[in-house]
Amino acid sequence: MTGAPILAAKGVSRLFGPNQVLFDVDFELRPGEVHALIGENGAGKSTLMKILGGYLAPSSGGLEVDGTPVSFASHREAEAAGVVLIHQEFNLAMPLSVEENMFLGREWKRGPFLRSKDMQAECRRLLARLDCKVDPRLRCRDLSVPERQMVEIAKALGQDARVLIMDEPTAVLTARETDVLLEQIERLRAEGCAILYTSHKLGEVARIADRVTVLRDGHRVACREATGFTEHAMAEAMVGRELSNLFPPKAVPGDEVVLEVRGLTVPGHAKNASFRLRRGEVLGFAGLVGAGRTELMEGVAGFRDASGEIDVFGRRVKTGDPRATREAGLVYLTEDRKEKGLLLGFPLSQNLTLLALDDFTRGGVRIDKKAEVQALARAVKEYDIAARDLTMTAGGLSGGNQQKLLIAKTLLADPGIVIIDEPTRGVDIGAKSQIYAFIAALAAAGKSVIVVSSELPEVIGLADRVVVMHRGTVAGEVEGEAISESAILRLAMGLDEKEPEPA
Amino acid sequence: MTAAQTDAAQTDTGPTAAAPRPRRRINLHVLGPILALAALIALGAFLNDNFLSAGNVQNVLARSAFIGIIAVGMTFVITAGGIDLSVGSMAAFTAGITILAMNAMIEPLGVSVFTIVLGMLVALLTGLAAGMVNGALIARVRIEPFIVTLGAMGVYRSLTTWLADGGTLSLNFELRSLYRPVYYDGPFGISWPILVFALVAILGELAMRSAPFGRHCAAIGANEQVARYSAVRVDRVRMATYALLGLLVGVATIMYVPRLGSASGSTGVLWELEAIAAVIIGGTVLKGGFGRVWGAVVGVLILSLIDNILNLASIVSPYLNGAIQGVIVILAVVLQRERKAED
Amino acid sequence: MTAAQTDAAQTDTGPTAAAPRPRRRINLHVLGPILALAALIALGAFLNDNFLSAGNVQNVLARSAFIGIIAVGMTFVITAGGIDLSVGSMAAFTAGITILAMNAMIEPLGVSVFTIVLGMLVALLTGLAAGMVNGALIARVRIEPFIVTLGAMGVYRSLTTWLADGGTLSLNFELRSLYRPVYYDGPFGISWPILVFALVAILGELAMRSAPFGRHCAAIGANEQVARYSAVRVDRVRMATYALLGLLVGVATIMYVPRLGSASGSTGVLWELEAIAAVIIGGTVLKGGFGRVWGAVVGVLILSLIDNILNLASIVSPYLNGAIQGVIVILAVVLQRERKAED
Amino acid sequence: QEEYTIGVAIPSATHGFMGGLNFHAREAIARLEETYPQLSFVLATSGDAGKMVNDIEDMVATRGIDALVVLPFESEPLTSPVQAVKEQGIWVTVVDRGLSVPGIEDLYVAGDNTGFGRVAGEYFAENLESGDNVVVLRGIPTTLDNERVDAFTAAIDGSGINVLDMQHGNWNRDDAFNVMQDFLSKYEDIDAVWAADDDMAIGVLEAISQAGRDGEMWVVGGAGMKEIVKRIMDGDPMLPVNVTYPPAQIATAIELTALGLVSATPVSGRFIIGSQRITPENAEQFYFPDSPF
Ligand SMILES: Nc1ncnc2c1ncn2[C@@H]1O[C@H](COP(=O)(O)OP(=O)(O)OP(=O)(O)O)[C@@H](O)[C@H]1O
Ligand SMILES: Nc1ncnc2c1ncn2[C@@H]1O[C@H](COP(=O)(O)OP(=O)(O)OP(=O)(O)O)[C@@H](O)[C@H]1O
Ligand SMILES: [Mg+2]
Ligand SMILES: [Mg+2]
């Protein structure tokens, strides 16, 4: 486990415009180790990783490969040196197929022609290692978010890296897929590959990491062996203060049914789903990846063609009309931040108010920009969004802060019912507890929340009642004390099938 | 480097501490078209003394008005990620219909202001209807805008030729004398087209900057999915951009008809290209997501001035006018070129 | 509602049953242009017995070749997120230069095959150079492609007019007789333009589908940033698309010059629109990211056939031809309209 | 009785003169189809030379025409294709713009472009003094525009008339309006305008009247558009004369061709319809209120 560092950063600093996000950071990565980098949202983890991967140049300081100073002019040089980065945000061309994306820029050729068959086979092989059965010919646009992440990982695995840098690879994965990924990481470690890894799921870090480096506000505050570094200690090191209980106490739901869905079918994704939501309730939705929770919720919110009955606050809402659904008081927070959630090129304030723009419009025609700025200032404070510059674009925020902005945007519309799909994707542990507090506060204020999440603890910790989906159908429901990981998993895997599945 | 670090150290107090201090650099993107316009004006004034005369300025502004009014509408269409190639032929068609309608109304209504007002109404409605047809095919039937409007371009152009029987549709002579002041006169010695153009530009700028409509257009152009998930009625807004453009074509036609009192199959040829070029010279992004109405206005003025200057200064073979135009158009945009992607 | 539910019940087994089932439906997107083409052929055959005669088929194919060859190149440009409005005038310019060069070479080289081959080389080089200028301005200087190529369109068109002194540049008559077979004859009774078109189309299809170049174009058009991060040499590929298009304009010119033996300022007018329309009718996405070379070929054939059919059945006033064309173009695309965004 | 098909290929109606030409072509066809049931016609209008060649190919390949009446979009590019038609034994009538190789056509009916420019130029030379200033609006850059302008220049040569400026108004009202506005800004003293086409003359007149300089100059257009002829008849001082270039020549050509097919009358040869000066005195006979032009 000793030996010279394969890749090291020496006194690296980085500025974006006038804002410094990394301060004189030292960091080293040895062959055959899994090194975890943890820190709050906006601490500078992605920035450091991009510098190590050659995507960004340090403002000062330098890198060393095998002890010799290098400066990567581009990520291409880094890749030539065997350093491969998996981005936090997807780096896939959506109209292209899985295979095309995996081999983009390094296609296999025979003469001038592509070896499509071989590449497809290789693609299948790499995906199979990750236990992912995506057809390489499918376009990435047609994949679900977790499937896209698997493709990204497979793409990196195919590059025979000496150093593999993974920026929150598991943020969008469920426990099962995470397990598969961690196995692969262990395999690579055994092969002598150095792995740099970030995650806000500290359990994972404790499980896999050999060493842990903690960043806080761009400073390296700790670097130590992982053994004996408890999750609790990590969280404290990151946040710099004592953390209270992660989950707030659950509110007691009322009796009034505010949302009733009967026999909703989203063609190709969910069939004949029925459930109801009461005032002040937090309803969990669990299921394996691909169970169709997202699609069902998109159907409920009007974003997909669906058939069935949806009553919002006792009024029948036309399916397939998002605006009407929103006006009835139901909003949906998407799991796909980049493609459906935020306009990355737009300023923060415009992103924040887009959904609730009507509330900022005076006389039906004039947007009150002052009010927008105030709303942003409020949201930044309330949701603790780390934006050093309020005029920046949403794309300049760190991943977790984008998620917070998205939540702020959705809740700004002051809905009676919120469906939150993957509420804490990529959010640090401190912010997570904040978001949980928001959700609980919403419920306490008489709003109703549906939480769709692939993180079982989250569903269990928040929800009064959990609906479990399996392959597009509602497999069952667990409530109150009965909510447990094993109960949910049994349903999610289809073991407690109420009706025999038709052939 | 040290200076930068000191600077950074100041903001060190905390990621969120810094007040909303707007970081504004001198932005060539924004200044580009204005600089180009200023350079052209200087060139014109240098080449010919009459260039800045009231008469010439009026001429240039008034004749810019048609394409200018259309370009304002086009800005919204392009900002929302669309395109409209049919505006030139739509203008010809609208002018034709308007002339036919006015001529037909002389019989019952006589040569009166009322006939003219009704005629204007016809122009507005025709434009609006044509725009809505485009919009419906694009937003509801979901056909590629390029194809819809290319098809519409052919349709309107040939309908106009057909209405005119291959020739020219002319407004009744007396009616024209009555209508003429709408192009040539106006209050305070400023002709109507200029005033209407200014009004449309100001309203357009307000709508783009400060109204939900402009915001929604930009959102749709930037990422239609996100707009949809933000409860923007994507189809309706998209439809509205084309309808608005159609309406503005109607407005432009109202100013155009009194000028020469006629319309033919060759009316408005290439207006679409000029309008689109003006919009893009003005800094609007062709792929959508960002629009600048005042930029389009500046773009139209740049294009008109190039013609005007080439006519006023007989420097070269007139055969080369097109080449000079082309080069100036490219130069006008060089200043606001895309930043290096690495930025 | 009940009907919908029954329907839903039937799909019960559907959504979830099979695991890694490649989700491929019968794709109207793919079939759209082919269906439209088939419908046109059926219509033509119905209207006129000679429609399917060898002579007519040869005529239509040979004349499609110019725009067809250009459309193949345009497919790559558009797939990579660009556009080129200058191809028509570039063709005129290239033809002009080629004619001047050939005429000038008669003096030293005589009326010989050698002169013609050299002339062809001039055509290729001129086209390539023109394409590279466009490409350099777009990929290196980073000016909006619409503006660069709109400017270039004006420049080449007026340079051609200027070279021709307002009139027509004509190939020496004897040289023309020697060169003429290149358009009109060919091996196995198939004329050269058809063969060259077929070859270009096949190579283009291979390059798009089975060579890295096509993938890189699509990736750049889909997401330039991603392409850059994936080690695609974005600038170089983008540059190459315009250079390739220029080269193909040169190839088209080689076929064009022997056909008419002359070039003037009005040569190739609107070719750019036709080529772009063909590309989009064929299913390529105007905003980039997805291209289909065979689609562009089908698109060109559709456009040529519309003209051909209008000529062989004088059904209506010729003034309305444009309207019919427009409607058919729109109809041809209806089948492959964008899927509902929900999909 | 033997049946014949006659193909007619003309440029599309992109400006007034071509509109008139289209009108006369369709009139003639309708009339002849009425009179001679054994005749059928194919009319194709094209927007550029290449398209015109396509149309002619189609007529030959699919309609089996017996005679072709063509007004070449441009002379050079149409020469070989028309020659190819001729070689297949099809009667060829060429209208207005001659082919670049003589002797291909059986019948040639044309207006007189040189005459068109010369007649106008002669009027200028007769009615202006030495030192007077004129501006010229040219058409779309083409060979025939060059011929007209050259003839005009030749006719005023030596008269001491000053040509201040020439710009292309593209036979288009709007373009001519803009160009004339700019001429008026640029030149204090203009005594006469040669607009070379009546569509352009309309735009020019409007620009002059806007500038309030009506009395200062007169305008000579060309081709005898009905509105202009009417104003000459009415003695408009700004429009002293006009020069004919009759769009009806296409009708003559079609009629002669038809006659040649259905009867034994020999019709081959050359018919040049000279350009005449229209004056208030003779304007009556050039006034066709029903024509669209
Ligand atoms: N392109 C950019 N322009 C301006 N500021 C940026 C840019 N990229 C990152 N930043 C800023 O740098 C800081 C660190 O961002 P970084 O993405 O490294 O955080 P992170 O630790 O990865 O957070 P997360 O856990 O949320 O992903 C943030 O304050 C962010 O706003
Ligand atoms: N049995 C299946 N076989 C193949 N594809 C499936 C199957 N079930 C679902 N899918 C597809 O897989 C994708 C997965 O959907 P998605 O992952 O968004 O569902 P989800 O339940 O919301 O999961 P998560 O929220 O964890 O991503 C969908 O596009 C769906 O069409
Ligand atoms: Mg990050
Ligand atoms: Mg989901």
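Chain identifiers are assigned alphabetically (A, B, ...) following the order of the sequence lines, protein sequences preceding nucleic acid strands; residue numbering begins at 1 within each chain.
Within a 6.0 Å radius of CZ in C:Arg233, no more than 12 heavy atoms belonging to other residues, nucleotides or ligands are found.
The side-chain hydrogen bond (donor to acceptor under 3.5 Å, both in side chains) search around B:Ser86 returns B:Asp84, B:Asn134, not counting sequence neighbours.
Considering only heavy atoms from C-beta on, B:Leu273 comes within 4.5 Å of C:Phe146 through its side chain.
The CD1 atom of B:Ile83 lies 8.0 Å from the NZ atom of C:Lys287; values are rounded to the nearest 0.5 Å.
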Below 3.5 Å, can you tabulate the donor-acceptor pairs from side chains in residues 322-335 of chain B to any protein atom, sequence neighbours excluded?
from, atom 1, to, atom 2, distance (Å)
B:Gln325, NE2, B:Asp307, OD1, 2.3

Do any side-chain atoms of residues 150-157 of chain B form donor-acceptor pairs under 3.5 angstrom with protein atoms, and if so which ones, sequence neighbours left out?
from, atom 1, to, atom 2, distance (Å)
B:Arg157, NH1, B:Gly265, O, 2.7
B:Arg157, NH1, B:Thr267, O, 2.8
B:Arg157, NH2, B:Gly268, O, 3.4

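Interface remark: of the candidates B:Ile276, B:Leu159, B:Thr160, B:Leu137, B:Ile276 forms the most heavy-atom pairs closer than 4.5 Å to chain C.
Below 4.5 Å, heavy atoms of chain B meet heavy atoms from C:Thr161, C:Trp162, C:Asp165, C:Gly166, all part of residues 161-169 of chain C.
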